[in-house]
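Keep in mind the model is a prediction, meaning the values are calculated, not measured.
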Amino acid sequence: METSEVWLTTDGHFAPGRELFRSDRAFSVWAYTVSHGQLLLRARSIGRDGTRRSRIDVLFKPVRAVKTGINYSGLVIRCATEEERKLILAETGHARRDDRVLILETPEGRRDHVVAGAVGWSEDWDGDHEPSRLAFLAAGAVPGRILP
C-alpha cells in the first residue's frame with residue numbers, strides 16, 4: 001500500500017487564486033498546537049459505512065491566524081486572491097511577507113481561512129489514532145490521552 005506526501009513551502013506554489021488541494025472526502029479538525037503552530041485536518045481511515053480507506057492528513061504550519069469549522073463535507077484549499085488576502089490580513093492583524101492566506105471551501109459554499117507559512121498533505125493506510133506522518137504532536141496533545 002502506497003503512501004504519498006506533498007509539501008508546498010515556496011512562493012512559486014502560492015499564486016493568487018490557485019487551487020492547491022481538492023477532495024470529496026469528509027475532513028475534521030484533528031489537532032491544533034499553539035506551541036508549534038500546527039493545524040491538522042484529517043479524513044478518517046474508516047468510512048461511515050465501516051469500510052477501510054486511506055487516511056488523508058492536511059497540515060498547516062506555522063499557523064498565525066485561523067478561522068475554521070470543525071467538520072468539512074468535502075474540501076478545497078486554494079490561495080486567496082489579492083483582494084481576499086488584503087482583507088483577511090487586515091482582519092487578523094498579520095502582514096508578514098511570508099504569510100500565505102489559504103481559503104478552505106466546502107461544496108456547500110462555506111469559506112474559512114488559515115494564515116500559515118506552508119501547507120502539506122499525506123495519504124497513507126495508517127489508522128486514525130496513529131500519529132500523523134506530517135505533524136509533531138506532543139503526548140499531551142493526542143486527544144485519546146486526554147479524553148476517555
Side-chain angles (χ1 to χ4, degrees), residues 1-48 52-81 84-85 87-89 91-147:
M1 295 187 189
E2 195 172 316
T3 298
S4 63
E5 188 174 309
V6 173
W7 273 108
L8 305 179
T9 60
T10 63
D11 289 342
H13 293 129
F14 297 98
R18 179 179 177 195
E19 185 176 299
L20 304 174
F21 177 87
R22 176 182 290 268
S23 176
D24 62 355
R25 301 265 305 269
F27 284 80
S28 299
V29 171
W30 201 255
Y32 177 73
T33 62
V34 175
S35 62
H36 289 274
Q38 299 178 111
L39 172 64
L40 180 66
L41 305 181
R42 176 168 285 174
R44 298 181 67 146
S45 64
I46 304 296
R48 292 179 193 211
R52 180 91 164 104
R53 50 198 315 188
S54 63
R55 176 182 80 169
I56 303 172
D57 283 350
V58 178
L59 182 70
F60 301 88
K61 70 177 198 177
V63 173
R64 293 181 180 84
V66 63
K67 176 191 169 255
T68 68
I70 298 299
N71 297 302
Y72 294 87
S73 60
L75 182 63
V76 173
I77 301 171
R78 67 173 175 82
C79 300
T81 63
E84 289 170 323
R85 185 179 195 287
L87 181 65
I88 291 167
L89 291 178
E91 284 177 4
T92 63
H94 289 272
R96 294 173 50 156
R97 188 191 74 73
D98 63 341
D99 281 342
R100 276 80 184 223
V101 179
L102 303 169
I103 306 296
L104 285 61
E105 296 177 321
T106 67
E108 302 84 31
R110 188 172 94 218
R111 267 192 210 155
D112 294 329
H113 62 264
V114 178
V115 179
V119 63
W121 53 90
S122 173
E123 185 169 8
D124 59 42
W125 290 91
D126 292 346
D128 291 332
H129 295 289
E130 293 180 52
S132 174
R133 295 173 186 267
L134 302 176
F136 168 77
L137 299 172
V142 178
R145 294 191 180 163
I146 300 170
L147 304 172

Let me confirm one number: the [atom1]-[atom2] distance from [X] to [Y], rounded to the nearest 0.5 Å.
X	Y	atom1	atom2	result
R18	L8	CZ	CG	7.0 Å
R52	I46	CZ	CD1	5.5 Å
L75	S23	CG	OG	7.0 Å
H36	L59	NE2	CG	11.5 Å
I56	W121	CD1	CH2	11.0 Å
L102	D112	CG	CG	12.5 Å

Do [X] and [Y] come within less than 4.5 Å of each other through their side chains, counting heavy atoms only?
X	Y	result
T68	Y32	no
F60	I77	yes
E105	R78	yes
R110	Y72	yes
L41	V29	yes
E84	V101	no

Taking every non-hydrogen atom, the tightest pair across [X] and [Y]:
X	Y	answer
G120	L134	O-CD1, 3.8 Å
H13	W7	CE1-O, 4.1 Å
R85	D99	NH2-O, 2.7 Å
V58	F27	CG2-CE2, 3.9 Å
T9	R100	O-NH1, 3.1 Å
G74	P107	O-CD, 3.7 Å

Identify, with sequence neighbours excluded, every residue that meets side chain to side chain donor-acceptor pair (under 3.5 Å) alongside T92. none

Using distance alone, with no hydrogens and no angle criterion, decide if D57 and S122 have a side-chain donor and acceptor under 3.5 Å apart. no

Exercise: do S28 and R42 side chains pair donor with acceptor under 3.5 Å: no

For a side chain to side chain contact (heavy atoms under 4.5 Å, CB included) check, start with the C-alpha distance between I88 and I103, then their side-chain angles and the critical distance, and finish with the verdict. CA-CA 10 Å; I88 291 167; I103 306 296; 3.7 Å; yes

Do the ring planes of W30 and H129 sit parallel (below 30°), tilted (30 to 60°) or perpendicular (above 60°)? tilted

Listed by chain and number, what are the side chain to side chain contact (heavy atoms under 4.5 Å, CB included) partners of D126, not counting sequence neighbours? R55, D124, E130, R133

